[in-house]
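Numbering of residues begins at 1 and proceeds along the displayed sequence.
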Amino acid sequence: MSEEHRETGTGWPQPAEPGRPSGPAGEPDPRPDAPDPDELSPLAPVEPAAPEQEDVPEPAEEPGASAVGAKPAPVSRRFTSAGAMIAVLLALLGFTLVVQLKTTSADPTLGATREEDLVRISSDLDSRERRLRQDIEALEESQRQLRSGEQGRQAALEEATRRADELGILAGTLPAVGPGLSVRFEGPEKAVESERILDAVQELRGAGAEAMQIAGADGTAVRIIASTYFVDASGGGLVVDGRRLTGPYVISVIGDPATLRTALNIPGGVVASVEEAGGNVTPVDSEAVEVSQLHAPVKLEHARPVS
């Protein structure tokens with residue numbers, strides 16, 4: 001008999017669970033000489049079988065545990081939200097780029113612009129900048145002269161005279177002469193209607209025209225100033241500041257000839273518009289364009305200089 005049998009005093013292995021015999025299916029010891037289990041001495045030490053190891057859940061972390069791994073789910077959600085936001089921003093950026101490319105490619109004016117025209121426009125802008133800088137320098141020099149003591153009064157008189165002449169030319173009350181263009185408009189009434197002539201005047205003003213006048217077929221001329229208007233006359237022709245003119249028309253303009261010519265020949269501009277309607281525009285350069293027609297001074301009724 002093994003030592004385990006002797007320790008229990010039963011001659012039979014200790015049952016695996018308390019209260020249940022260890023024989024098969026709970027049956028008593030089949031041996032005839034086996035002692036009665038009830039007669040066994042209660043003083044005999046019986047060692048209980050070691051209980052089977054069960055999976056014990058890990059205890060929850062105490063409140064003082066580290067906060068780094070305490071809430072992994074919110075961290076994952078934060079990363080997911082950030083990724084979604086980045087994806088939305090990238091999608092919006094891509095959509096904007098596509099729309100911009102489609103808009104640029106669908107612009108007929110930009111697509112029809114030639115490289116030499118772009119170079120001319122850039123050169124015109126540079127010329128305007130140089131003229132403006134020269135004007136600024138002239139005004140600064142005049143300011144210095146006005147502050148120079150005894151020569152101040154003479155300089156002030158000369159400056160006032162120069163400014164009066166400039167304002168007289170702009171207002172059409174003084175004649176002017178200088179380099180520029182003589183632009184001839186001819187064709188059917190639709191090609192040389194008032195709207196197209198007004199477009200030509202505005203383009204020339206934008207290109208730096210300093211003085212202009214328009215003349216009809218019979219030589220009648222009208223000085224063009226800021227308040228000049230153009231209306232289609234009944235029966236043909238134009239009404240310019242109340243005077244009727246008949247075509248072909250010639251606009252005499254003083255300014256930089258190259259800049260003025262470029263402004264007229266911009267793709268989709270004056271020349272293209274007139275030619276599309278069956279007319280023709282012929283600009284001729286001149287070193288001495290005369291703008292001799294005068295405009296009556298405008299009497300101001302409401303405006304007053306600020307003191």
Task: Residue pair Val281 / Val183, side-chain heavy-atom distance below 4.5 Å - done: yes

Open item on the list: Set out, in order, the CA-CA distance, both residues' side-chain angles and the distance that settles side-chain contact (heavy atoms from CB on, under 4.5 Å) for Ile251 and Val201, then state yes or no.
Closed with: CA-CA 9 Å; Ile251 296 180; Val201 170; 4.1 Å; yes

Task: 4.5 Å side-chain heavy-atom contact, Glu186 and Arg184 - done: yes

TODO: Measure from the side-chain N and O atoms of Arg196 to the backbone N and O of Ala277, and report whether any donor-acceptor pair falls under 3.5 Å.
DONE: no

- [ ] Could you pull out the closest heavy-atom pair between Ser234 and Arg244, with the gap in Å?
- [x] O-NH2, 3.1 Å

TODO: Specify the closest pair of heavy atoms between Leu238 and Glu193, including all atoms of both residues, with the distance to one decimal.
DONE: CD2-C, 4.0 Å

Task: Glu210 side chain near Val253 side chain, heavy-atom distance below 4.5 Å - done: no

- [ ] Return yes if some donor-acceptor pair links the side-chain N/O of Tyr249 with the main-chain N/O of Val192 below 3.5 Å, else return no.
- [x] no

TODO: Identify whether Val250 and Ile224 are in the same connected component of the hydrophobic contact network (ILVMFWY, side-chain heavy atoms under 4.5 Å).
DONE: no

Task: Taking every non-hydrogen atom, the tightest pair across Pro188 and Gly278 - done: CD-O, 3.4 Å

- [ ] For residues Val289 and Ser286, determine if any side-chain heavy atom of one lies less than 4.5 Å from a side-chain heavy atom of the other.
- [x] yes

Task: Arg162 bridged to Glu158 by N-O distance under 4.0 Å - done: no

Open item on the list: Looking at Asp241 and Val222, would you say the former's side chain and the latter's main chain have a donor-acceptor pair under 3.5 Å?
Closed with: no

- [ ] Evaluate the side-chain proximity of Asp285 to Leu181: yes if any heavy-atom separation is below 4.5 Å, no if none is.
- [x] yes

- [ ] Spell out, yes or no, whether Ile197 and Val291 are grouped together once hydrophobic residues are joined by side-chain heavy atoms under 4.5 Å, including indirect joins.
- [x] no

Task: Donor-acceptor pair, side chain of Thr228 and main chain of Ile225, under 3.5 angstrom - done: yes

Task: Exercise: identify the closest heavy-atom pair between Gly242 and Tyr229 - done: N-OH, 2.9 Å

Open item on the list: Grouping I, L, V, M, F, W and Y whenever their side-chain heavy atoms are under 4.5 Å apart, do Leu198 and Leu264 come out in a common cluster?
Closed with: yes

- [ ] For Gln293 and Arg223, indicate whether the former's side chain and the latter's backbone hold a donor-acceptor pair under 3.5 Å.
- [x] no

Task: Salt-bridge criterion met for Glu166 and Arg163 (N-O under 4.0 Å) - done: yes

Open item on the list: Quick check: closest heavy atoms across Thr173 and His295, and the distance to 0.1 Å?
Closed with: CG2-O, 3.6 Å

Open item on the list: I'd like to check Asp232 versus Ser194 (side-chain heavy atoms, cut-off strictly below 4.5 Å). Are they in contact?
Closed with: yes

Open item on the list: Quick check against the 3.5 Å criterion: does Thr262 have a side-chain atom that pairs as donor or acceptor with the backbone of Ala258?
Closed with: yes

Open item on the list: Within the 4.5 Å heavy-atom criterion, are Ile254 and Met212 side-chain neighbours or not?
Closed with: no

TODO: May I ask you to test the Ile214-Val240 pair for a side-chain heavy-atom distance under 4.5 Å?
DONE: yes

Open item on the list: For a quick test of reading the model, state the closest non-hydrogen atom pair linking Pro175 to Ile169 and the distance between them.
Closed with: O-CG1, 4.2 Å

- [ ] First locate atom OG1 of Thr259, then atom CG of Leu204, and finally report the distance between them rounded to the nearest 0.5 Å.
- [x] 11.0 Å

Task: More than 12 heavy atoms from other groups under 6.0 Å of CD on Glu189 - done: yes

